[in-house]
Amino acid sequence: MRVLLLLTGLLLGAPAGAETIVASRTLPARTVITESDIAFAADTTPGAATNITEVIGKEARATIYSGHPLFLSALTAPALVERNQLTTLIYELGALTISAEGRVLERGAAGDLVRVMNLSSRTIVQGAVQPDASISVSGSN
């Protein structure tokens, strides 16, 4: 029955009756949610997700226990860069493009502003995480 409800949710976005989406297993913090991580509960919980597209691909901010509802406030965009990860710093101004290697000082998702150390100059700059995990540095840094 649970598999049938999950398949119905995948095909239609949410099962009839707007059931609550719950964790099918304990999801540790920083887990990226997949179809196998969720199930549907017959009751409705105010503030909990009811549409499968709202939760798939999101990352758990804290541990979510099996059978507990998935609240949208407990989910975030998945991080693309982790602390101490090496990445490319990109500075663009008109036709000028400068790139350098940097070390990320804090984790972040696409669009987040993070601090990064330029490994050549040891200068700490701030930039936006790009979808390819590079960091775009503005001219004001």
Side-chain angles (χ1 to χ4, degrees), residues 2-141:
R2 181 177 265 178
V3 173
L4 180 59
L5 287 173
L6 182 59
L7 289 175
T8 304
L10 289 172
L11 295 174
L12 301 176
E19 297 171 327
T20 299
I21 297 177
V22 297
S24 63
R25 64 180 183 91
T26 299
L27 304 172
R30 299 185 178 180
T31 299
V32 177
I33 310 294
T34 63
E35 292 89 358
S36 62
D37 296 326
I38 63 171
F40 292 95
D43 59 341
T44 58
T45 303
T50 58
N51 189 337
I52 194 168
T53 60
E54 296 175 317
V55 298
I56 300 299
K58 298 287 185 167
E59 181 178 277
R61 291 181 190 262
T63 301
I64 302 171
Y65 295 98
S66 181
H68 287 219
L70 289 160
F71 293 98
L72 297 178
S73 61
L75 305 175
T76 187
L80 295 178
V81 294
E82 296 288 336
R83 187 171 190 270
N84 288 325
Q85 176 180 331
L86 296 179
T87 189
T88 303
L89 298 171
I90 300 172
Y91 174 82
E92 292 184 71
L93 182 62
L96 175 68
T97 301
I98 301 172
S99 64
E101 189 174 28
R103 181 174 304 277
V104 180
L105 300 178
E106 52 200 4
R107 74 190 308 260
D112 287 350
L113 288 177
V114 295
R115 293 178 307 121
V116 184
M117 179 191 296
N118 179 326
L119 294 179
S120 298
S121 67
R122 300 286 187 214
T123 303
I124 295 176
V125 296
Q126 187 175 35
V129 179
Q130 301 301 301
D132 65 352
S134 64
I135 308 293
S136 176
V137 180
S138 69
S140 62
N141 289 321

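Because the structure is predicted, anything quoted here is derived from the model rather than measured.
- When atom types are taken as modelled, the side chain of Arg61 and the backbone of Ser73 share a donor-acceptor pair closer than 3.5 angstrom.
- Remark: side-chain polar atoms of Gln130 are paired, donor with acceptor, to backbone N or O of Ala128 under 3.5 angstrom.
- Checking side-chain atoms of Thr44 against main-chain N and O of Thr20 turns up no donor-acceptor pair under 3.5 Å.
- In this structure, Leu89 and Glu101 approach most closely via the heavy-atom pair CD1-O, 4.3 Å.
- Taking each heavy atom of Pro69 and Ala48 in turn, the nearest pair found is CB-CB, 3.8 Å.
- Across all their heavy atoms, Pro28 and Thr63 have their closest contact at CA-OG1, 4.0 Å.
- Residues Arg115 and Glu106 are paired through a salt bridge, judged by an N-O separation under 4.0 Å between the basic side chain and the carboxylate.
- Judged as a side chain to side chain donor-acceptor pair (under 3.5 Å), and not counting sequence neighbours, the contacts of Glu82 are Arg107.
- Distance alone, capped at 3.5 Å, places no donor-acceptor pair between the Thr87 side chain and the Val81 backbone.
- Looking only at side-chain heavy atoms (C-beta outward), Ile135 and Val129 come within less than 4.5 Å of each other.
- How far CD1 of Ile124 is from CE of Met117: 5.0 Å, rounded to the nearest 0.5 Å.
- The two residues Ser134 and Ile90 have their closest heavy-atom pair at OG-CD1, 3.8 Å.
- With hydrogens and angles disregarded, a donor-acceptor distance shorter than 3.5 Å links the side chain of Ser24 to the backbone of Asp37.
- Between Ile64 and Leu75 the shortest side-chain heavy-atom distance falls below 4.5 Å.
- Here the CG atom belonging to Leu27 is positioned 11.0 Å from the OH atom belonging to Tyr65, to the nearest 0.5 angstrom.
- Nearest heavy atoms, Asn118 versus Ala100: ND2-CB, 4.0 Å.
- Proximity of Leu72 to Glu54: side-chain heavy atoms (C-beta onward) are separated by under 4.5 Å at one or more points.
- Note: Leu70 CG to Lys58 NZ = 12.5 Å, rounded to the nearest 0.5 Å.
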